[in-house]
Asker: 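This is the structure, below, for whatever I ask next.
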Amino acid sequence: MIYPRIIAHRCGGALAPENTLAGLRLAARLGCGGVEFDTMLAADGVPVLMHDETLERTTSGCGRVADLDSISLARFDAGSRHHPAFAAEPVPTLEEALRLCAALGLWANVEIKPAAGQEVVTGQVVARHAAAATGKLLLSSFSSRALLAAADEAVQLPRAMLFEAIPADWRERLMETGVCALHSAASGLSVDALQAVRDAGFPVACYTVNRRDEAERLFAMGVSAVFTDRPDLWTPAEM
Ligand code: G3P
Ligand code: MG
């Protein structure tokens, strides 16, 4: 598994509205090699880019993402909460995001972010869309059930398991889901656990790293990539 070193968190990090096509365009302009975004199912089963189960924090809509169809979601403004300059930026579908990543040459980490109770179907549907994409990508999730469902649907796609901290039973968790990499919060990372995971052949990527010195410390420890809200801290040659 080859990672870009610097991955723009939620598309463009803090510089653009999260999980939007504007974020992807900005990440590409900054010279990012890779982006991460979250995907969840709308009521009609279409995967859209969204982090929260509810719309209020990032969009002009209200209520649950899982209760509204993708056409209704697309009408909400997902840009103005970040800055009025991004007014009318829509909630993109996963398909739109993957098409744009391929066109911009962006490696994509598609995080499967199921609404509660929708782990299996979200894993299946996201993997089906990802398998049809032409760009390079990696699936990830905090949900073992979503990761297993994704593998049933598209076994050829690389997958990573997400943790808030590397757990004591990391080996069993990685084996039972069959993933090829581990993603952990940088704050929960212990040197010994990192070394053990790497020695077992699993690359480790860390979120969310918004300082250069912290990223350098993690790279020196053997971390393969960092997710950042501040991709502007690096030059294109460094990413
Ligand atoms: O995939 C890394 C990171 O995005 C996981 O946390 O909550 O930002 O999706 P979150
Ligand atoms: Mg995420």
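Read the numbers this way: they start at 1 and go in the same order the structure lists the ligands and their atoms. Side chains are part of it too, since the values below use all heavy atoms of this structure and drop only hydrogens, waters and symmetry mates.
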Asker: Going by the order shown, which atoms of ligand 1 are within less than 4.0 Å of some heavy atom of R10?
Answerer: 7 (O), 8 (O), 10 (P)
Asker: Work out the angle at the Mg ion (ligand 2) between OE2 of E36 and OD1 of D38, rounded to 10°.
Answerer: 110°
Asker: Would you tell me which option among H51, H9, E18 has the nearest heavy-atom contact to atom 7 (O) of ligand 1?
Answerer: H51
Asker: Starting from atom 1 (O) of ligand 1, which protein heavy atom do you reach first, and at what distance in Å?
Answerer: E36 OE2, 2.8 Å
Asker: Quick check on contacts: which atoms of ligand 1 are under 4.0 angstrom from a heavy atom of D38?
Answerer: 9 (O)
Asker: Could you tell me which N, O or S atom of E111 is nearest to the Mg ion (ligand 2)?
Answerer: OE1
Asker: By number and element, which atoms of ligand 1 are closer than 4.0 Å to a non-hydrogen atom of L162?
Answerer: 1 (O), 2 (C)
Asker: What protein heavy atom lies closest to atom 5 (C) of ligand 1? Include the residue and the distance to one decimal.
Answerer: E111 OE1, 3.4 Å
Asker: Would a 4.5 Å heavy-atom cut-off, applied to side chains only, mark I6 and E238 as touching?
Answerer: no
Asker: As a quick check of understanding, evaluate side chain to side chain contact (heavy atoms under 4.5 Å, CB included) for H51 and T58, giving each step before the final call.
Answerer: CA-CA 9 Å; H51 182 276; T58 57; over 6 Å; no
Asker: Could you give the distance from CG (N210) to OG1 (T228), rounded to the nearest 0.5 Å?
Answerer: 4.5 Å
Asker: Enumerate the atoms of ligand 1 whose separation from the nearest heavy atom of K113 is less than 4.0 angstrom.
Answerer: 7 (O), 9 (O), 10 (P)
Asker: Does ligand 1 have an atom under 4.0 Å from some heavy atom of H183?
Answerer: no
Asker: Taking both backbone and side-chain atoms of Y207, is any N or O found less than 3.5 Å from an N or O belonging to ligand 1?
Answerer: no
Asker: Decide if atom CD of E53 counts as having more than 12 heavy atoms of other residues, nucleotides or ligands within a radius under 6.0 Å.
Answerer: yes
Asker: Which distance, rounded to the nearest 0.5 Å, do you find between the CG of L26 and the CG of D232?
Answerer: 8.5 Å
Asker: Taking CD in E56 as the centre, count heavy atoms belonging to other residues, nucleotides or ligands within less than 6.0 Å. Is the count above 12?
Answerer: yes
Asker: Measuring from W170:CH2 to M175:CE, what's the distance to the nearest 0.5 Å?
Answerer: 7.0 Å
Asker: As an exercise, state the distance from CG of L147 to CZ of R173, rounded to the nearest 0.5 Å.
Answerer: 10.0 Å
